[in-house]
Number of protein chains: 2
Amino acid sequence: MTRDNATQIFESLASGVRLDIWRLLIKSGQNGMVAGEMASALEIAPNSLSFHLKAMLHAGLVSVEQEGRFKRYRANTALMSDLITYMTEQCCIKQSDAQCEVTNTGDICSSAERYSDC
Amino acid sequence: MTRDNATQIFESLASGVRLDIWRLLIKSGQNGMVAGEMASALEIAPNSLSFHLKAMLHAGLVSVEQEGRFKRYRANTALMSDLITYMTEQCCIKQSDAQCEVTNTGDICSSAERYSDC
DNA sequence: TCAATAGTTCTCGTATTATTGAACTAAGTA
DNA sequence: TACTTAGTTCAATAATACGAGAACTATTGA
């Protein structure tokens, strides 16, 4: 997770429509959703949806899989998890190195807890 | 945490400059930083910094305190914590209600763990 | 091969956003 | 009071993003 990647992810969620898209995909879980279903559910034009999905794909927030003549999209929850870790890791810099080493174990849980203590 | 508030927060972080501002404030912890220090550290014009800080203030991401002729800014880490919780809560919708009840205890830690299992 | 469907890309008009320089307000100081 | 410093606001410009319509590609099926 680089600074530019983090910026890209925030850009990918920095509009009501894209947050809606994200939440819709989160709700659909592993099944994901086909583009047409999403356009109907969110009541947005297919080309507009495609525009936003492209940006989210570029940021890595969603993945896509061809399915006959459909395209199925899924939320990349692992990346969101990485983002949270990244945002909480920044918090560590001002802490003692000892605490950093204890919490820099890839355990997102402890990162989040440390974060709230900042 | 509402959907619009979440959108506002993402907008507040959806640029390299603002992410830099956020990280700078995170690093400074409870001390926070005076606007002039931040402008120097980030090498951006004071009025440009003011522009971005205003947006971040509006989103609630930072707080400000008058200090003589200076203004001291601090990161609102509690809100970031809320945002993380909100983003992970969305994940719950597709899960069983039982699991939701178990994890909807305000414990950001378990939310994050549940999230990565989505 | 032709038509229909799913989705993307292109183009254009509009609206929002960022940056810059100048003016402005407020607080400290000689 | 006048001057300096800190920070914000304003105005103009440039850049960027969004949405709508039309055209395009690819897959499916008659």
Side-chain angles (χ1 to χ4, degrees), chain A residues 3-25 28 31-76, chain B residues 3-25 28 31-76:
Chain A
R3 179 253 204 187
D4 285 349
N5 196 199
T7 302
Q8 215 171 20
I9 294 171
F10 282 117
E11 282 171 355
S12 294
L13 291 170
S15 88
V17 176
R18 292 191 195 165
L19 200 51
D20 287 342
I21 292 172
W22 174 255
R23 293 170 71 184
L24 195 62
L25 288 178
S28 69
N31 296 332
M33 275 184 95
V34 155
E37 293 175 335
M38 301 173 65
S40 303
L42 300 176
E43 292 180 336
I44 58 179
N47 57 350
S48 183
L49 176 67
S50 191
F51 170 77
H52 292 298
L53 283 174
K54 190 177 173 182
M56 296 174 80
L57 270 171
H58 191 57
L61 263 181
V62 302
S63 63
V64 64
E65 187 186 6
Q66 190 83 33
E67 217 176 62
R69 71 172 110 175
F70 304 92
K71 282 194 176 177
R72 183 166 297 275
Y73 288 86
R74 291 184 180 86
N76 183 1
Chain B
R3 178 252 204 184
D4 286 349
N5 196 198
T7 301
Q8 211 171 24
I9 294 171
F10 281 118
E11 281 171 355
S12 295
L13 291 169
S15 88
V17 175
R18 293 191 194 163
L19 200 53
D20 288 342
I21 293 173
W22 173 257
R23 293 171 69 184
L24 195 63
L25 288 178
S28 68
N31 296 331
M33 275 184 94
V34 155
E37 292 175 336
M38 300 171 66
S40 303
L42 300 176
E43 294 182 334
I44 58 178
N47 54 354
S48 183
L49 176 67
S50 192
F51 170 79
H52 292 298
L53 283 175
K54 191 177 174 183
M56 296 174 80
L57 271 171
H58 192 58
L61 262 182
V62 301
S63 62
V64 63
E65 188 185 7
Q66 191 82 33
E67 217 175 61
R69 73 170 112 176
F70 304 92
K71 283 193 175 177
R72 185 167 296 274
Y73 287 87
R74 291 185 181 85
N76 183 0

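Every chain is numbered from 1 and lettered A, B, ... according to where its sequence line falls, protein lines coming before strand lines.
For B:Ser50 (side chain) and B:Pro46 (main-chain N/O), no donor-acceptor pair under 3.5 Å exists by modelled atom type.
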Donor-acceptor contacts, no H, no angles, side chain residues 4-19 of chain B, under 3.5 Å, sequence neighbours left out:
residue : atom : partner : partner atom : Å
B:Thr7  : OG1  : B:Arg3  : O            : 3.0
B:Gln8  : NE2  : B:His58 : NE2          : 3.3
B:Ser12 : OG   : B:Gln8  : O            : 2.9
B:Ser15 : OG   : B:Arg18 : N            : 3.2
B:Arg18 : NE   : B:His52 : ND1          : 2.8
B:Arg18 : NH1  : B:Glu11 : O            : 3.2
B:Arg18 : NH2  : B:His52 : ND1          : 3.4

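One interatomic measurement links the two molecules: CG of A:Leu49 to C1' of C:dG7, which rounds to 9 Å at whole-angstrom precision. For the pair A:Arg72 CZ and C:dA6 C1', the computed distance is 13 Å after rounding to whole Å. Between B:Lys54 atom NZ and C:dT17 atom P the separation is 12 Å, expressed in whole Å. Spacing between atom CG of A:Leu53 and atom P of C:dG7 amounts to 10 Å, rounded to whole angstrom units. B:His58 has its NE2 atom 13 Å from the P atom of D:dT9, to the nearest Å. One interatomic measurement links the two molecules: CE of B:Met56 to P of D:dG7, which rounds to 16 Å at whole-angstrom precision. To the nearest angstrom, P of C:dA6 lies 14 Å from CE of A:Met33. Atoms NZ (B:Lys71) and C1' (D:dT8) sit 7 Å apart, rounded to a whole Å.
A:Met38 places a side-chain heavy atom less than 4.5 Å from the side chain of A:Leu53.
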Could you list all N or O pairs between the protein and nucleotides 21-27 of chain D that sit under 3.5 Å apart?
residue : atom : partner : partner atom : Å
D:dG21  : N7   : A:Asn47 : ND2          : 2.9
D:dG21  : O6   : A:Asn47 : ND2          : 2.7

Quick test: give all pairs of protein nitrogen or oxygen and nucleotides 11-19 of chain D nitrogen or oxygen below 3.5 Å, distance rounded to 0.1 Å.
residue : atom : partner : partner atom : Å
D:dC18  : OP1  : A:Arg18 : NH2          : 3.4
D:dC18  : OP2  : A:Arg18 : NH2          : 2.7
D:dG19  : OP2  : A:His52 : NE2          : 2.7

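Taking A:Glu37 as the reference, nothing meets the salt bridge (charged side-chain N to carboxylate O under 4.0 Å, His left out) condition, with sequence neighbours excluded. With sequence neighbours excluded, the residues that form a salt bridge (charged side-chain N to carboxylate O under 4.0 Å, His left out) with B:Glu67 are B:Arg72.
If you take CG on B:Leu49 and CD1 on B:Ile21, they are separated by 5.0 Å, rounding to the nearest 0.5 Å.
Contact record, A:Asn76 with A:Trp22: O-CH2, 3.9 Å, taken as the closest heavy-atom pair. Considering every non-hydrogen atom in both B:Ala75 and B:Leu25, the closest pair reads CB-CB, 3.8 Å.
In the region residues 34-43 of chain B, proximity to DNA chain D at under 4.0 angstrom, judged on heavy atoms, holds for B:Val34, B:Ala35, B:Gly36.
Remark: A:Tyr73 is in phosphate contact with C:dT8, judged by side-chain N or O atoms under 4.0 Å from OP1 or OP2.
B:Glu43 CD: 12 or fewer foreign heavy atoms inside a 6.0 Å radius.
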